[in-house]
S.K.: 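A single structure is presented below for examination.
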Amino acid sequence: MSSTTSSTKQNAAQQLFDRARKVIPGGVNSPVRAFGSVGGTPRFIASASGAYITDTENQQYIDYVGSWGPMLLGHAHPDVIASVRAVAENGLSFGAPTELEVQMAELICEIVPSIESVRMCSSGTEATMSAIRLARGFTGRDDILKFEGCYHGHSDSLLVKAGSGALTLGVPSSPGIPADFAKHTLTLAFNDEEALRALFEKQGDSLACVIIEPIAGNMNFVEPLPGYLATLRELCTKHGTVLIFDEVMTGFRVARGGAQELYGVTPDITTLGKVIGGGMPVGAFGGRRDIMEQIAPTGPIYQAGTLSGNPIAMSAGIKTLQLLSADNFHSDLHATTGRLLDGMKSEASKHGVPICTAHAGGMFGLFFSEAEKITGFDAVMQCNTEHFKIFFHSMLDAGVYLAPSAYEAGFTSAAHTNKDIDDTIKAAGNAFAAIKGA
Ligand SMILES: *Cc1c(COP(=O)(O)O)cnc(C)c1O
């Protein structure tokens with residue numbers, strides 16, 4: 001009986017996916033959603049509430065993707081939904097200033113003190129792309145530096161990573177990016193302080209900016225080594241290079257004031273997204289007033305957006321920022337995430353499967369690796385993806401929804417209860433057993 005039910009479900013999801021693939025490239029509007037690296041059919045989601053998502057077959061999952069970061073409060077938080085509903089009654093978009101935008105900017109400047117002035121846009125990609133243009137316009141320099149394994153959205157200048165090795169001229173990660181653009185994007189290994197110093201020594205004075213995820217969350221979860229961000233700050237200051245922290249993922253999530261609060265290092269410009277929209281399409285970039293004033297209309301550097309500062313998006317974001325400002329919000333979240341990983345580690349060791357974990361606030365990494373600590377891209381690439389695949393599908397079958405890729409960070413929310421965590425750990429125990437049995 002249950003196997004019939006489960007295969008019927010599988011067929012229904014498969015039919016939807018087939019329909020999708022006829023009219024959408026790969027059946028999805030963002031590539032990782034297609035389950036390409038884990039195999040199987042993606043779940044089509046019908047609704048979500050708190051820590052759970054429910055698919056079109058009415059199967060419920062404990063969710064650790066959280067829409068890839070935005071859902072820090074959990075899904076469909078009643079106060080956020082009420083706020084969006086109320087604002088929607090007044091019209092969806094005006095293309096003129098609103099009080100909500102001012103309120104949003106004031107909140108951001110209060111929560112992230114390095115931001116003196118902030119411009120809203122509609123995605124993280126737009127935020128980082130605009131921040132790069134701003135840094136180039138401000139410094140009059142063309143070259144930028146990014147780090148291997150860091151993702152900053154899909155704009156041309158940023159969709160570049162080097163092969164291995166210290167300094168390499170940029171090689172595009174995707175067809176469609178002219179080599180002439182990519183050559184201005186230098187890349188280094190994340191956490192390699194020596195290579196960083198050498199690069200700055202040689203060409204620091206021609207670098208418009210350095211852009212970095214202060215905790216790398218797009219190659220699983222890699223923390224900066226002690227002192228690394230401080231060195232980066234010191235080198236940028238010395239060479240007149242704009243330091244951009246891309247906190248699209250870490251902002252408001254690893255700590256209220258983001259990774260810059262956690263590590264006590266102050267960037268010149270910060271890019272934000274994900275949590276700041278509470279589930280609506282939002283991005284933002286802001287920082288030093290003298291730099292931000294170079295943007296039109298106060299300055300000559302052009303940046304604009306038809307839907308920038310959209311009132312519905314602002315209302316979801318403002319409510320989210322207000323709620324995450326509650327006392328102990330982030331310490332409680334950090335404890336929840338720690339409880340999850342402690343449980344996973346103990347189950348993994350019980351079954352003799354080597355894993356390595358790390359976490360900050362509502363964000364975590366889980367690596368199938370014997371390493372004590374993962375500190376860079378090469379180590380991430382050496383993790384056991386076969387183990388991950390088995391783990392992923394075993395968890396999915398048990399009602400736990402993880403990112404369908406070994407290279408993504410996991411996300412917890414304020415809605416995850418101790419019972420959710422315990423249920424997840426129990427499922428993980430069976431999944432580790434499945435790995436051992438495979
Ligand atoms: C998600 C992400 C982006 C891109 O944001 P989009 O809203 O997907 O365009 C940029 N930088 C980082 C660090 C991200 O995690």
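What you are looking at is a predicted structure, and each value in this text was computed from that prediction instead of being measured. Order of listing sets the numbers, starting from 1, for every ligand and every atom in it.
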S.K.: Suppose we measure from atom 6 (P) of ligand 1 to each protein heavy atom; which comes out shortest, and what is that distance?
M.R.: Gly124 N, 3.5 Å
S.K.: How about Phe392 and Phe35: are their ring centroids closer than 6.0 Å?
M.R.: yes
S.K.: Can any side-chain N or O of Thr128 pair as donor or acceptor with the backbone N or O of His152 at less than 3.5 Å?
M.R.: yes
S.K.: Among all protein heavy atoms, pick out the one at the shortest distance from atom 11 (N) of ligand 1; state its residue, atom name and that distance to 0.1 Å.
M.R.: Asp246 OD2, 2.7 Å
S.K.: Taking the six-membered ring of Phe17, is NZ or CZ of Arg21 closer than 6.0 Å to its centre and within 45° of its axis?
M.R.: yes
S.K.: Does Glu193 come within less than 4.0 Å of Arg197, counting only side-chain N to carboxylate O?
M.R.: yes
S.K.: With a 4.0 Å cut-off on N to O distance, would you call Glu110 and Arg256 a salt bridge?
M.R.: yes
S.K.: Quick one: which ligand 1 atoms are inside 4.0 Å of a heavy atom on Met249?
M.R.: 15 (O)
S.K.: Side chain or backbone of Thr250 under 4.0 Å from ligand 1, or both, or neither, by non-hydrogen atoms?
M.R.: neither
S.K.: Which of the numbered atoms in ligand 1 are under 4.0 angstrom from any heavy atom belonging to Ser123?
M.R.: 7 (O), 9 (O)
S.K.: Among protein heavy atoms, which lies nearest atom 15 (O) of ligand 1, and at what distance?
M.R.: Lys274 NZ, 2.6 Å
S.K.: Could you find the nearest protein heavy atom to atom 8 (O) of ligand 1 and give me its residue, atom name and distance?
M.R.: Thr125 OG1, 4.5 Å
S.K.: Provide the number and element of each atom of ligand 1 under 4.0 Å from a heavy atom of Tyr151.
M.R.: 11 (N), 12 (C), 13 (C)
S.K.: Within a 6.0 Å radius of atom NE2 on His154, are there more than 12 heavy atoms belonging to other residues, nucleotides or ligands?
M.R.: no
S.K.: At a non-hydrogen distance cut-off of under 4.0 Å, which region of His152 contacts ligand 1 (side chain, backbone, both, or neither)?
M.R.: backbone
S.K.: Are His330 and Phe252 close enough that their ring centers fall under 6.0 Å?
M.R.: no
S.K.: Could you check atom 3 (C) of ligand 1 against the protein and tell me its nearest heavy-atom contact, residue, atom and distance included?
M.R.: Val248 CG1, 3.7 Å
S.K.: What atoms of ligand 1 come closer than 4.0 angstrom to any heavy atom of Glu213?
M.R.: 13 (C)
S.K.: Between Phe391 and Phe368, does the ring centroid distance fall short of 6.0 Å?
M.R.: yes
